[in-house]
Amino acid sequence: MIALGCDHGGYNLITAVKKYLDEKGIAYKDFGTYSDESVDYPIYAYKVATAVASGDFELGILCCGTGIGISMAANKVKGIRAAVVGNAFGAEMTRRHNHANILCMGGRVTSEEDAVKFTDIFLNTPEEGGRHDKRVAMVTAHDNLSDRVL
Ligand code: RB5
């Protein structure tokens, strides 16, 4: 199950992503917003990030105007690795090497066609593990300052 969210700046992209998920028969929950009326992106970042961090959702997708603000907000939630993606290589590598659990994209910088392409890659690329497990664990350790390794 995939958790989806956006603000008004990413509403076009999340709509295109939902069409792709419907066509592929991939289950999702849309946490809003549900129109292109102006809203505050941290609200939707928090809804999706807490849903993914709870373990009830495998992965999340968040869209705002640039993908940046909504990723910054999502990354405040413990256990979240939200990555802003603007190219196909990044969509693949952030799953393989960073074990990203939320894909973030921007409706004002990425086309709907590319957003669907990046979504397809992100959802179909596994975590590579191995040496990356250690590095991801080092990032995750920052969730708890007492666990710091740097
Ligand atoms: C909203 O105007 C815009 O600031 C937002 O969608 C996003 O791009 C923030 O990073």
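Both ligands and their constituent atoms are indexed starting at 1 by order of listing.
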Ignoring hydrogens and geometry, is there a side-chain-to-backbone donor-acceptor pair from [X] to [Y] under 3.5 Å?
X	Y	answer
Asp30	Gly32	yes
Asp120	Val116	no
Thr94	Gly90	no

His8 heavy atom under 4.0 Å from ligand 1:
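In this structure, His8 qualifies as a contact of ligand 1 - some heavy atom is under 4.0 Å.
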Protein heavy-atom partner closest to atom 2 (O) of ligand 1 - residue, atom, separation in Å:
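The protein heavy atom lying closest is Arg108 NH1, 3.2 Å.
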Among all protein heavy atoms in this structure, tell me which lies nearest to atom 6 (O) of ligand 1, with the distance rounded to 0.1 Å.
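Protein heavy atom at minimum distance: Asp7 OD2, 2.6 Å.
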Is the closest N or O pair between [X] and ligand 1 shorter than 3.5 Å?
X	value
Ile70	no
Gly67	no
Tyr41	no

Which ligand 1 atoms does Cys64 reach within 4.0 Å, using its non-hydrogen atoms?
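Within the 4.0 Å cut-off of Cys64, ligand 1 contributes 6 (O), 7 (C), 8 (O), 9 (C), 10 (O).
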I want to confirm something. Looking only at heavy atoms, which of Cys104, Ser71, Gly69 is nearest to atom 10 (O) of ligand 1?
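Looking at heavy atoms only, Gly69 sits closest to atom 10 (O) of ligand 1.
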Run the ring pair (Phe, Tyr, Trp, His ring centres under 6.0 Å) check on Phe31 and Tyr46 step by step: do they pass?
CA-CA 10 Å; Phe31 287 85; Tyr46 183 76; over 10 Å; no
For atom 4 (O) of ligand 1, is there a protein heavy atom at a distance under 4.0 Å?
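No, there is none.
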What I want to find out is whether Glu127 reaches Arg95 closely enough, with some N-O distance under 4.0 Å, to be called a salt bridge.
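Answer for the salt bridge query: yes.
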Please determine if Lys19 and Glu23 form a salt bridge, counting it only when a charged side-chain N lies under 4.0 Å from a carboxylate O.
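Yes, Lys19 and Glu23 are salt-bridged.
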Going by atom types only, do Thr110 and Asp114 share a side-chain donor-acceptor pair under 3.5 Å?
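Absent: no donor and acceptor within the cut-off.
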